[in-house]
Amino acid sequence: MPSVTLERSRKKRLEHAHPWIYNNEIASVEGNPEPGDLVNVLNHQGRYLATGYYNPASQITVRVVAYQPLEFEQMDTAFFAARFRDCLRHRERFIQDGEAYRLVYGEADFLPGLIVDRFGSILVVQLLTLGMDRCREAIVQALIEVMQPEGIYERSDVSIRELEGLEQTKGPLYGECPRHVTVTENGLLIKVDIVEGQKTGYFFDQRENRAAIEPLMKGWGYKSGITLQQTEQDGTQQLLPVNKSGKVVTFPYWDGATVLECFSHTGSFTLNACKYGAKKVTCLDISEHAIESARTNVELNGFTDRVEFVVADAFQYLREQVKGLDERNVRARAGEQKVDTSKALAAGGKTFDVVILDPPAFAKTKSAVKGACRGYKDINLQGMKLVNEGGYLVTASCSYHMRPDLFLETIADAAEDAGKVLRLIDWKAAGKDHPQILGVDEGHYLKFAIFEVRSKKN
């Protein structure tokens with residue numbers, strides 16, 4: 001097998017399980033490997049370290065697939081089938097609710113450049129690198145052997161392929177691939193558009209995080225003066241919700257939260273909010289296609305009467321609500337200062353028990369971090385201003401370059417400007433179908449937090 005020898009002075013990332021080898025770390029190449037071929041990786045003393053596939057046109061010249069020599073020196077159907085069986089065992093151990101999850105997660109499953117998402121009997125594949133693209137036939141055959149899918153659809157329509165000298169592409173690879181597939185997650189029905197949806201059509205990485213909002217969805221009836229009391233009903237004493245006037249409350253979601261979900265995509269947090277008892281949810285996204293997807297999913301689960309849909313830019317929507325709230329607060333203090341009440345109030349002013357912010361990546365490169373900080377600060381600043389006293393801000397970042405400490409620092413700055421005190425209630429990363437290799441910081445991309453929001457001043 002051809003080999004690459006590494007520079008003596010390089011950082012020892014490979015020994016710490018990082019699977020990428022950059023072109024400036026390579027001292028020499030022997031054996032004339034073709035792009036996509038497997039090569040052995042040697043240290044400067046000639047000692048074997050790993051095996052990976054080679055692409056001299058990419059800044060990441062070698063991507064490691066094994067830490068011991070491969071028996072047949074190729075990534076064939078048998079190689080991929082064995083890896084896919086390992087992936088399946090991991091998911092079956094940790095994902096208990098159905099057959100929808102990320103089956104293959106690139107480097108974290110020792111298959112760099114390959115993503116496979118499972119939507120029941122349909123698989124969606126992304127081939128992100130030249131090495132994986134050259135193996136597409138073996139990958140498809142191995143998936144058929146291990147998973148017995150009805151269809152395999154490719155969504156390699158991503159710009160990262162261009163860095164590997166590849167064109168973007170998508171389309172069916174095997175069997176029958178319907179555009180829409182309905183799956184179950186957290187006991188909820190989700191209709192996924194595998195052809196036109198973002199990336200592979202759905203984001204599985206927030207599965208556990210969506211379920212984590214359950215405790216936030218109930219316990220709000222006291223705000224309206226509703227309490228549970230022993231009350232005679234149909235000739236028997238029952239524990240029922242009773243309002244300030246002593247009347248029994250018949251609305252089933254009297255104790256539920258009012259919720260705003262921004263950047264809703266398919267409405268996944270909205271669905272979980274409704275499942276766990278929310279009173280009213282505002283589901284917002286700038287994309288009409290996303291809102292139509294969310295509307296379909298809400299209807300599928302029977303939550304239509306509790307959800308309103310808004311097609312709008314989240315930044316603008318949040319600012320409009322804050323502006324309206326500020327004007328109302330000024331008028332509420334009209335007895336203390338002069339206010340021109342002849343002018344119409346600004347639109348907006350809505351507040352919520354729970355505000356959920358799950359934006360797309362604001363920082364896709366290191367150079368974009370400064371601008372991303374401004375974006376994250378802005379949405380969190382406006383979002384926490386709209387949280388009712390003692391309510392909750394649920395916020396996330398999927399930008400790898402937005403490191404966890406910087407993300408928390410940015411939110412803390414926003415809280416200072418908003419005059420709020422935040423209590424961190426929960427802190428999570430991606431779900432169990434998105435494992436992380438220790439030492440590979442690039443895999444630690446998702447940050448998810450739940451904060452209780454309190455005001456410094458009344």
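All residue numbers refer to positions in the sequence shown, counting from 1.
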**Message:** Quick one, Arg161 with Asp133, criterion salt bridge (Lys or Arg N to Asp or Glu O under 4.0 Å). Give me CA distance, side-chain angles, the key distance, then yes/no.
**Reply:** CA-CA 10 Å; Arg161 278 174 59 91; Asp133 196 80; 3.0 Å; yes

**Request:** For the pair Glu145 and Arg85, evaluate salt bridge (Lys or Arg N to Asp or Glu O under 4.0 Å) and give the outcome as yes or no after the intermediate values.
**Result:** CA-CA 10 Å; Glu145 178 183 328; Arg85 290 189 187 96; 2.6 Å; yes

**Request:** Please step through side-chain hydrogen bond (donor to acceptor under 3.5 Å, both in side chains) for the pair Tyr53 and Thr129, ending with a clear verdict.
**Result:** CA-CA 10 Å; Tyr53 59 79; Thr129 59; 2.7 Å; yes

**Step-by-step side-chain hydrogen bond (donor to acceptor under 3.5 Å, both in side chains) determination, Glu299 to Thr304** = CA-CA 6 Å; Glu299 290 172 354; Thr304 305; 5.0 Å; no

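Summarising the geometry of His44 relative to Glu7, their closest heavy-atom pair is CB-C, 4.4 Å, with the distance given to 0.1 Å.
Relative ring orientation between Phe315 and Phe263 is described as perpendicular, the plane-to-plane angle rising above 60° on a 0-90° scale split at 30° and 60°.
The distance between the ring centers of His434 and Phe204 does not fall below 6.0 angstrom.
No donor-acceptor pair under 3.5 Å is formed between the side chain of Arg210 and the backbone N or O of Phe269. Between the Asn55 side chain and the Leu130 main chain, no donor and acceptor come within less than 3.5 Å of each other. Distance alone, capped at 3.5 Å, places no donor-acceptor pair between the Arg8 side chain and the Asn43 backbone.
Atom CD of Gln148 has more than 12 neighbouring heavy atoms from other residues, nucleotides or ligands inside a 6.0 Å radius. In Glu162, the CD atom is crowded: over 12 heavy atoms of neighbouring residues, nucleotides or ligands sit closer than 6.0 Å.
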